[in-house]
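Worksheet: the structure to be examined is printed underneath.
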Amino acid sequence: MVCCVQALLLLGVQLALSNRALAVPSIQNRFFYHDFLNGKGDKEIQFNSVKLHVDSARSSVFAVRAGNATLPCRFWYEPELDSPREVRVKWSWLPAAGGHETDVLVAIGSRSRSFGDFRGRVQLRHDFPGDAALVMTELQLNDSGRYVCEVVDGLEDRSASVELELRGVVFPYQHPRGRYHLSFPDAQRACEEQDSTLATFTQLFQSWKEGLNWCNAGWLADGTVQYPITQPRVPCGGHGLGPGVRSYGRRQLHLHRYDVFCFSSSLQGKVYYLQPSDKMNLTEARRACEENGGDIAKVGQLFAAWKFSGLDHCDAGWLADGSVRYPITRPRIHCGPSEPGVRSFGFPPPQHKHGVYCYKADD
């Protein structure tokens with residue numbers, strides 16, 4: 001009797017499974033998903049071998065501070081769809097200095113939302129069907145990094161990435177008391193006070209390729225300590241090592257002390273040398289710039305003016321941090337070494353007399 005009951009139950013299960021198989025046909029090379037974007041969660045949409053593609057036409061985009069940039073991204077389907085579909089586009093950012101990926105913008109159709117420091121500075125371009133390019137305005141020094149364009153259509157999810165690189169200048173910076181006095185937080189603060197930001201390894205490496213040769217080790221944005229050498233010599237690793245960027249690796253951010261490499265980009269203003277009648281002490285120099293309608297220039301501003309505007313002046317002048325420097329783009333007799341650069345007299349006593357470099361922002 002028990003065997004008969006078991007046989008009947010088994011037969012019932014088999015019939016139920018066979019009926020279900022008949023109710024849902026087998027579909028090859030297809031997939032189903034719910035159309036959540038249109039708010040119809042009960043609607044299934046079927047594609048037959050349709051593929052979503054996402055591509056960035058360029059791997060890198062170059063720009064300058066306060067400028068604009070367009071990061072290309074487009075999507076399309078193969079085969080082409082009969083009617084356009086509403087997809088979800090998300091742009092995210094991985095900072096060049098490292099750290100967590102951050103949302104930049106999310107858009108569905110004509111609706112979009114930007115996040116954090118990108119709020120009000122980014123939007124999608126929408127120049128043609130499938131155009132998901134990100135238009136960025138008022139670029140900031142820390143905007144460098146990898147940007148990811150992700151397009152989601154139901155279960156389909158494709159992405160492409162593009163690097164945003166800001167053109168600029170890397171310069172070494174020391175504490176007024178001299179060599180190796182800056183912890184990592186101190187280094188961050190020092191660069192910010194000089195209208196710049198901590199340089200990334202990519203920025204330092206590019207500067208090394210352009211000839212930056214500096215024997216003192218400095219912090220970079222990722223917490224490593226490195227220095228660029230184009231001319232090997234005994235105090236800088238010895239003659240046995242070839243040219244390159246030397247690295248001390250990652251150091252303890254609050255304990256260890258080094259110099260720092262800062263990064264600055266183009267200016268929305270002008271740096272100029274001022275010497276009214278007589279040379280001035282530091283207090284008089286600050287006052288002279290203010291009376292002239294500007295402010296005493298910062299180190300990053302002087303380097304940016306030298307790099308982007310070709311500022312060339314053989315007279316040393318005060319800067320906001322109490323240092324005395326002068327920019328040379330055309331090396332000549334009595335103006336320092338034979339290479340272009342920003343010359344430094346360090347941090348002389350504030351009562352010493354010099355001219356001053358002022359900065360006046362554009363109207």
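Treat the numbers as computed from the prediction; the structure is a model and nothing was measured.
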Quiz item: Does the side-chain contact (heavy atoms from CB on, under 4.5 Å) test come out yes or no for Gln123 and Leu134, once each step is laid out?
Solution: CA-CA 6 Å; Gln123 62 180 359; Leu134 184 70; over 6 Å; no
Quiz item: Under the side-chain contact (heavy atoms from CB on, under 4.5 Å) criterion, do Leu81 and Val50 qualify, and how do the steps go?
Solution: CA-CA 8 Å; Leu81 298 180; Val50 172; 4.0 Å; yes
Quiz item: After noting the C-alpha distance and the side-chain angles of Val151 and Leu52, does the key distance pass the side-chain contact (heavy atoms from CB on, under 4.5 Å) rule?
Solution: CA-CA 9 Å; Val151 180; Leu52 171 66; 4.2 Å; yes
Practice problem: I would like to know whether Leu164 and Leu166 meet side-chain contact (heavy atoms from CB on, under 4.5 Å); could you show each step before the answer? | Solution: CA-CA 7 Å; Leu164 174 63; Leu166 263 65; 4.2 Å; yes
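Rounding to the nearest 0.5 Å gives a distance of 5.0 Å between OG of Ser112 and CG of Leu105. The distance from atom OH of Tyr77 to atom NE2 of His53, rounded to the nearest 0.5 Å, is 11.0 Å. Atom CZ of Arg58 is separated from atom OG1 of Thr70 by 9.0 Å, given to the nearest 0.5 angstrom. From Ile296, atom CD1 reaches atom CZ of Arg286 across 5.0 Å, with rounding to the nearest 0.5 Å. Atom CZ of Arg65 sits about 6.5 Å away from atom OG of Ser266, to the nearest 0.5 Å. Distance check: Leu212 CG to Gln203 CD gives 12.5 Å after rounding to the nearest 0.5 Å.
The two residues Ala217 and Phe261 make their nearest non-hydrogen contact at C-CE1, 4.4 Å. Scanning all heavy atoms of the two residues, the minimum distance from Ala305 to Leu267 falls at N-CD1, 4.0 Å. Of all non-hydrogen atoms in Phe75 and Val87, the two that sit nearest each other are CZ-CG2, 3.5 Å. Residues Val89 and Ala132 share a closest heavy-atom pair of CG1-CB, 3.9 Å. In terms of heavy-atom proximity, Ser159 sits nearest to Glu150 at CB-CA, 4.0 Å. Annotation for Ser264 and Asp195: closest pair OG-O, 3.4 Å, computed over non-hydrogen atoms.
Side-chain contact, Glu101 with Ser92: a donor N or O sits under 3.5 Å from an acceptor N or O. A donor-acceptor contact under 3.5 angstrom links the side chains of Asp321 and Tyr173, judged on distance only. Between the side chains of Gln174 and His181, not a single donor N or O lies within less than 3.5 Å of an accepting N or O. Gln206 and Glu210 share a side-chain donor-acceptor pair at under 3.5 Å. Counting only N and O atoms by type, the side chains of Gln194 and Ser196 include no donor and acceptor under 3.5 Å apart.
We find that Arg158 and Glu156 are joined by a salt bridge, their nearest charged nitrogen and carboxylate oxygen being less than 4.0 Å apart. Remark: Asp153 engages Arg85 in a salt bridge, criterion side-chain N to carboxylate O under 4.0 Å. Asp131 has a carboxylate O that lies under 4.0 Å from a charged side-chain N of Arg125, or vice versa, which qualifies the two as a salt bridge. A salt bridge links Glu284 to Lys353: one of the charged nitrogens lies within less than 4.0 Å of a carboxylate oxygen. Checked for salt-bridge contact, Arg332 and Asp312 meet the test: a charged N lies under 4.0 Å from a carboxylate O. Under the 4.0 Å criterion applied to side-chain N and carboxylate O atoms, Asp143 and Arg121 are assigned as salt-bridge partners. By the 4.0 Å N-to-carboxylate-O rule, Lys90 lies close enough to Asp103 to be salt-bridged with it.
Each of Tyr258, Phe201, Tyr180 was checked for a ring pair (Phe, Tyr, Trp, His ring centres under 6.0 Å) with Trp219, and the lone residue meeting it is Tyr258.
In this structure, Asp259 and Arg179 have side chains that are in contact, with non-hydrogen atoms separated by less than 4.5 Å. The closest side-chain heavy-atom distance from Cys191 to Val260 is below 4.5 Å. Residues Val342 and Leu302 have side chains in contact (heavy-atom distance under 4.5 Å, counting atoms from C-beta outward). In this structure, Thr329 and Trp306 have side chains that are in contact, with non-hydrogen atoms separated by less than 4.5 Å. Taking 4.5 Å as the limit, every side-chain heavy atom of Pro350 sits out of range of all side-chain heavy atoms of Asn281. Between Gln226 and Leu204 the shortest side-chain heavy-atom distance falls below 4.5 Å. Counting heavy atoms from C-beta on, the side chains of Arg246 and Ile229 come closer than 4.5 Å. Counting heavy atoms from C-beta outward, Asp186 and Ser183 have side chains that approach closer than 4.5 Å.
A donor-acceptor distance shorter than 3.5 angstrom exists from the side chain of Asn213 to the backbone of Thr230, with no hydrogens or angles considered. A distance-only check finds a donor-acceptor pair linking the side chain of Ser247 to the backbone of Gly249 [under 3.5 Å]. A donor-acceptor pair under 3.5 Å links the side-chain atoms of Arg257 to the main chain of Leu255, judged by distance alone. Distance alone, capped at 3.5 Å, is enough to place a donor-acceptor pair between the Gln301 side chain and the Lys298 backbone. Checked by atom type and distance alone, the side chain of Arg167 never pairs as donor or acceptor with a backbone atom of Ser265 at under 3.5 Å.
At most 12 heavy atoms of other shown residues, nucleotides or ligands fall within 6.0 angstrom of atom CD1 in Ile333. Heavy atoms from other residues, nucleotides or ligands lying under 6.0 Å from CG of Asn292 number more than 12. Few gaps surround CD on Gln252; more than 12 heavy atoms of other groups in view lie less than 6.0 Å from it. For Lys360, the NZ atom is densely surrounded, since the number of other residues' heavy atoms within 6.0 Å is greater than 12. Heavy-atom neighbours of Gln275 CD from other residues, nucleotides or ligands within 6.0 Å: above the threshold of 12.
The six-membered or imidazole ring of Trp91 lies away from that of Phe118, with a centre-to-centre distance of 6.0 Å or more. Taking the centre of each ring, Tyr326 and His313 stay at or above the 6.0 Å mark. If you look at Tyr227 and Trp214, their ring centroids are not closer than 6.0 Å.
When the side chains of ILVMFWY residues are joined at heavy-atom separations under 4.5 Å, either directly or via intervening members, Val245 and Leu241 end up in two distinct hydrophobic clusters. Cluster membership check: Val135 does not share its hydrophobic cluster with Val148, using side-chain heavy-atom separations under 4.5 Å among Ile, Leu, Val, Met, Phe, Trp and Tyr. Residues Phe62 and Val169 do not share a hydrophobic cluster, clusters being chains of Ile/Leu/Val/Met/Phe/Trp/Tyr side chains in contact below 4.5 Å. Residues Trp76 and Leu155 do not share a hydrophobic cluster, defined by chaining ILVMFWY side chains whose heavy atoms lie under 4.5 Å apart. When the side chains of ILVMFWY residues are joined at heavy-atom separations under 4.5 Å, either directly or via intervening members, Phe308 and Tyr357 end up in two distinct hydrophobic clusters.
Identified under the disulfide bond (SG atoms under 2.5 Å apart) test for residues 61-147, with sequence neighbours left out: Cys73-Cys149.
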